[in-house]
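So the structure is just underneath, and the comments pick up after that.
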Amino acid sequence: MKDRQFDVIILGGGMVGAALACALADSTLNIAVLDHQKPNITWPIDGYDMRVSAITYASQQILQHIGVWQKMQEKRVTPFTRMHVWDSTGSGEILFDAEDIGTPQLGHIVENRVTLGALFDVLNAQSNITYLQPAIAESLSQIDDGICLMLADGSKLSARLIVGADGARSWLRNQAGISVTSRDYEQKGVVTTVKTQNSHDNTARQRFLPTGPVAFLPLDNDYCSIVWSTSHAEADRLLKLSNEAFMSELQEAIGETDMGIIESAAARAAFPLKKQHADKYCQPNLVLVGDAAHTIHPLAGQGVNLGLLDIATLAEEMLSAIEKGRDFNGFQVLRRYERRRKGDNAIMMSAMDAFHLLFANNNPALSTVRNLGLNITNQLTPIKSRLISHAMGINRKIPLVHHTAFRSRFA
């Protein structure tokens, strides 16, 4: 690579980084997306990605307005219309149904590589977006009205703004000296894909065990994506089991359901679970989004949705500044993004902490209260509807969606 100059450098070409590039695609900005290596976005037609995301209504709207959702639908998305949550230590349960809030579905389960593939379809069609890989950043320095990034191959890139979308172990965040507040859940999430005897009936299921929740998330053709949160030692043990032994233990973990028996299981993997929140999201000419700014427990499937709200808010602030003839990389612009997102992210992270503590406790008295609370909430339809509407983002103003840059295209 030669020395090159851009308006925006996005460090990280995962779902959040690629989505930000697509959100800025219709602007006059010259954008570079840097990645260590190109993601694998192809797979056999009968195979499934073991990593999936539960895409909320708000995220769907954002993806639609950056021209990506339609391409995702052409590949493979699975709507879910119900969500069944219950406690293994008692009779407490709650059932959310799309009919209760007057929507066709509660959300969609989408394989991560489907989302990435659709994002790259859009990204590769843009004349103002340059995708660079392999691109390994080595050093960062401030220059007049911007930053300079040195890469491992000796090339130099400069930009007025650099965006850290480079994940939970963000190199950019560390280089900027931004500290994080963290909590190790001392758990891993075991992920795989299974085929069940009967239909999942487009229902997402989650059973809370004393060691952590196990979730069955519906895919097409009666397949389900599994996220089983448990201790490090237990996760490592589960990875070493034969397929038959693993399916037997997974069957016991989820209990008796109308899906019948688990007929097959694909390869397994595990990833550590840790909450992490950056103490600040921005510095002059530098800003963090997605997992670089925050990570969260997966029990409510909010990780990528928070990241998409980040990029939509940041893009909205940047595009609004350009429309007003102001610097898109102005510190006031970046601070407005931080103020709009940091508080909301903190609230969601605290809520997930509370759920984790509530359901990971074996105290008999707390178990009784927990199960009673689930059953009472299940009977109070207005409260239940408010809970699911908030989680889906239905009753909120979704950033970017109504911005002038998208009104004519999606009117």
Side-chain angles (χ1 to χ4, degrees), residues 1-39 41 62-72 115-135 137 143-149 151 155-166 172 282 285-290 292 307-308 310-330 333-334 337 399-410:
M1 299 179 197
K2 298 179 180 180
D3 295 357
R4 303 179 68 173
Q5 188 170 8
F6 298 92
D7 294 310
V8 180
I9 292 174
I10 301 171
L11 201 57
M15 290 188 289
V16 172
L20 177 61
C22 292
L24 298 172
D26 282 349
S27 70
T28 58
L29 298 174
N30 186 17
I31 302 161
V33 179
L34 276 58
D35 233 343
H36 283 187
Q37 60 185 15
K38 192 170 184 178
I41 54 178
I62 292 167
L63 292 165
Q64 180 177 335
H65 280 75
I66 64 175
V68 174
W69 180 251
Q70 300 86 329
K71 295 182 180 297
M72 291 168 63
T115 305
L116 266 175
L119 284 163
F120 271 82
D121 286 346
V122 173
L123 187 149
N124 290 332
Q126 309 305 317
S127 60
N128 64 327
I129 300 177
T130 302
Y131 179 69
L132 302 175
Q133 68 82 28
I143 57 176
D144 292 341
D145 194 32
I147 57 91
C148 178
L149 188 66
L151 302 184
S155 59
K156 180 172 66 176
L157 308 180
S158 60
R160 297 176 66 189
L161 177 68
I162 185 167
V163 182
D166 51 340
L172 184 63
C282 63
N285 308 311
L286 181 150
V287 66
L288 305 176
V289 295
L308 290 172
D310 285 351
I311 66 96
T313 303
L314 178 60
E316 185 175 71
E317 291 292 349
M318 292 171 65
L319 293 172
S320 294
I322 293 171
E323 283 186 349
K324 296 171 183 176
R326 299 173 182 170
D327 291 335
F328 68 87
N329 64 327
V333 173
L334 304 183
Y337 152 73
L400 198 65
V401 169
H402 299 292
H403 192 273
T404 54
F406 297 92
R407 283 177 186 160
S408 59
R409 197 204 308 176
F410 296 101

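In this chain, numbering begins with 1 at the start of the sequence shown. What you see is a predicted model, and the numbers here were worked out from it, not measured in a lab.
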Evaluation steps, side chain to side chain contact (heavy atoms under 4.5 Å, CB included), between Lys71 and Val122 | CA-CA 9 Å; Lys71 295 182 180 297; Val122 173; 3.7 Å; yes

Short side-chain to backbone donor-acceptor contact, [X] and [Y], under 3.5 Å:
X      : Y      : value
Asp166 : Gly12  : no
Glu316 : Leu400 : yes
Asn30  : Asp7   : no
Gln133 : Lys38  : yes

Contact list for residues 121-134, test salt bridge (charged side-chain N to carboxylate O under 4.0 Å, His left out), sequence neighbours left out | Lys75-Asp121

[atom1] of [X] to [atom2] of [Y]: how many Å apart, nearest 0.5 Å?
X      : Y      : atom1 : atom2 : value
Ile31  : Asn128 : CD1   : CG    : 5.0 Å
Leu308 : Met15  : CG    : CE    : 7.5 Å
Cys148 : Ile9   : SG    : CD1   : 8.5 Å
Leu34  : Leu172 : CG    : CG    : 11.0 Å

Residue pair Ile129 / Cys22: nearest heavy atoms and the distance that separates them = CD1-N, 4.4 Å

Exercise: identify the closest heavy-atom pair between Pro399 and Ala312 =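 So the two residues come closest at O-CB, 3.6 Å.
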
Tell me, do [X] and [Y] make a side-chain contact under 4.5 Å, heavy atoms counted?
X      : Y      : result
Ser155 : Arg4   : no
Pro39  : Phe120 : yes
Leu151 : Leu157 : yes
Asp35  : Val33  : no

In this structure, which one of Ile62, Leu123, Leu119 forms a side-chain contact (heavy atoms from CB on, under 4.5 Å) with Val68?
-> Leu119

Test side-chain contact (heavy atoms from CB on, under 4.5 Å), reference Met318, set Val287, Val163, Leu29, output is Leu29

Using the side chain to side chain contact (heavy atoms under 4.5 Å, CB included) rule, take Asp26 and Ile66 through it: C-alpha gap first, then chi angles, then the decisive distance, then the call.
-> CA-CA 9 Å; Asp26 282 349; Ile66 64 175; over 6 Å; no

